[in-house]
Amino acid sequence: MVELVRTFTFQAAHYLPKVSEDHKCRHMHGHAYRVEVSLRGPVNPETGWLVDFGEIAIVLDPIRKELDHTILNEIPGLENPTAEILSAWIWQRVTAGIPYLHRVSVFESENSGCHYLGD
């Protein structure tokens with residue numbers, strides 16, 4: 001059993017409309033996001049890998065392009081774009097195209113992130 005990880009980054013702005021008026025995240029601000037998509041399963045003895053990294057990239061690249069240099073709140077389903085909601089939103093978009101999906105992690109900074117493990 002192995003755990004395979006593919007990452008991508010994007011820049012985006014957002015605000016959190018459901019926090020109190022005096023919360024710093026209530027106002028528009030931006031992050032350099034890092035997303036990790038993790039797969040867990042057995043190594044195929046014929047290929048020597050779980051899944052080809054290139055196949056994962058084909059699924060992730062359109063999502064990265066959709067998110068990069070946007071205001072996340074303007075994307076349907078991300079009206080309240082917390083790391084928790086964003087990681088679940090990404091999971092829903094990749095689960096059909098990535099076998100052995102185990103985890104989607106979204107980091108807003110080096111110190112703050114969320115791991116989503118599905119429903």
Side-chain angles (χ1 to χ4, degrees):
M1 173 91 54
V2 297
E3 185 169 339
L4 193 67
V5 176
R6 178 75 186 204
T7 65
F8 69 91
T9 60
F10 67 95
Q11 309 285 324
H14 76 148
Y15 59 92
L16 301 182
K18 297 189 177 190
V19 298
S20 65
E21 289 286 338
D22 61 340
H23 194 285
K24 68 179 182 176
C25 293
R26 177 74 180 215
H27 306 285
M28 182 81 68
H29 62 284
H31 294 288
Y33 288 91
R34 182 172 55 88
V35 176
E36 291 183 358
V37 176
S38 170
L39 293 66
R40 184 178 283 181
V43 174
N44 180 319
E46 291 183 31
T47 63
W49 60 37
L50 175 61
V51 175
D52 183 346
F53 282 118
E55 292 176 19
I56 301 168
I58 289 169
V59 175
L60 296 181
D61 195 49
I63 295 166
R64 183 196 58 78
K65 288 178 181 176
E66 183 177 2
L67 297 171
D68 194 36
H69 285 82
T70 64
I71 299 171
L72 296 178
N73 303 71
E74 295 176 355
I75 297 173
L78 295 178
E79 293 82 7
N80 183 35
T82 62
E84 295 87 343
I85 290 172
L86 182 55
S87 59
W89 184 91
I90 294 169
W91 175 286
Q92 292 169 357
R93 277 148 188 79
V94 302
T95 190
I98 297 180
Y100 304 106
L101 184 61
H102 171 65
R103 173 175 47 89
V104 171
S105 302
V106 172
F107 295 89
E108 294 182 348
S109 70
E110 291 182 20
N111 303 319
S112 300
C114 175
H115 300 298
Y116 183 78
L117 303 171
D119 295 327

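Scanning all heavy atoms of the two residues, the minimum distance from Val51 to Leu4 falls at O-CD2, 3.4 Å. The shortest non-hydrogen separation linking Ser20 to Asp22 is OG-OD1, 2.6 Å. Contact between Ala57 and Arg6 at its shortest, heavy atoms only, is CB-NH2, 3.4 Å. The two residues Val106 and Leu86 make their nearest non-hydrogen contact at CG1-CD2, 3.8 Å. The shortest heavy-atom contact between Asn80 and Ile85 is O-CD1, 3.1 Å.
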Derivation and outcome, side-chain contact (heavy atoms from CB on, under 4.5 Å), residues Leu39 and Ile98: CA-CA 8 Å; Leu39 293 66; Ile98 297 180; 3.6 Å; yes
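Listed for the Arg26 side chain is a donor-acceptor partner under 3.5 Å among the backbone atoms of Val19. The main-chain N or O of Gly77 is found under 3.5 Å from a side-chain atom of Glu79 such that the two form a donor-acceptor pair.
Applying the under-4.5 Å side-chain rule to Ile, Leu, Val, Met, Phe, Trp and Tyr, the cluster around Trp49 consists of that residue alone. Taking Ile, Leu, Val, Met, Phe, Trp and Tyr as hydrophobic and joining them when side-chain heavy atoms fall under 4.5 Å apart, one finds Ile58 isolated, its cluster having no other members.
By the 4.0 Å N-to-carboxylate-O rule, Asp61 lies close enough to Arg64 to be salt-bridged with it.
Using modelled atom types and a 3.5 Å distance limit, the side chains of Ser109 and Asn111 yield no donor-acceptor pair.
Within 6.0 Å of CG in Asn44 there are more than 12 heavy atoms belonging to other residues, nucleotides or ligands.
Counting only residues at least two apart or on different chains, the ring-ring contact (aromatic ring centres under 6.0 Å, His included) pairs with a member in residues 94-119 are Trp91-Tyr116, Phe107-His115.
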Give the table of side-chain donor-acceptor pairs shorter than 3.5 Å for residues 8-18, with sequence neighbours excluded, one pair per line with atom names and distance.
residue, atom, partner, partner atom, Å
His14, ND1, Pro81, O, 3.0
His14, NE2, His29, NE2, 3.1
His14, NE2, His31, NE2, 3.2

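Glu110 is linked by a side-chain hydrogen bond (donor to acceptor under 3.5 Å, both in side chains) to nothing, counting only residues two or more places apart in sequence or in another chain. Arg103 pairs by the salt bridge (Lys or Arg N to Asp or Glu O under 4.0 Å) definition with Glu3, Glu36, not counting sequence neighbours.
Hydrophobic clustering, with ILVMFWY side chains joined whenever heavy atoms are under 4.5 angstrom apart, keeps Val104 apart from Val5. Ile71 and Leu67 are not part of a single hydrophobic cluster, where members link through side-chain heavy atoms under 4.5 Å apart.
Annotation: side chain of Val35 is not in contact with side chain of Ser105 (no heavy-atom distance under 4.5 Å).
Once rounded to the nearest 0.5 Å, the distance linking CG of Leu50 with CD of Glu55 reads 10.5 Å.
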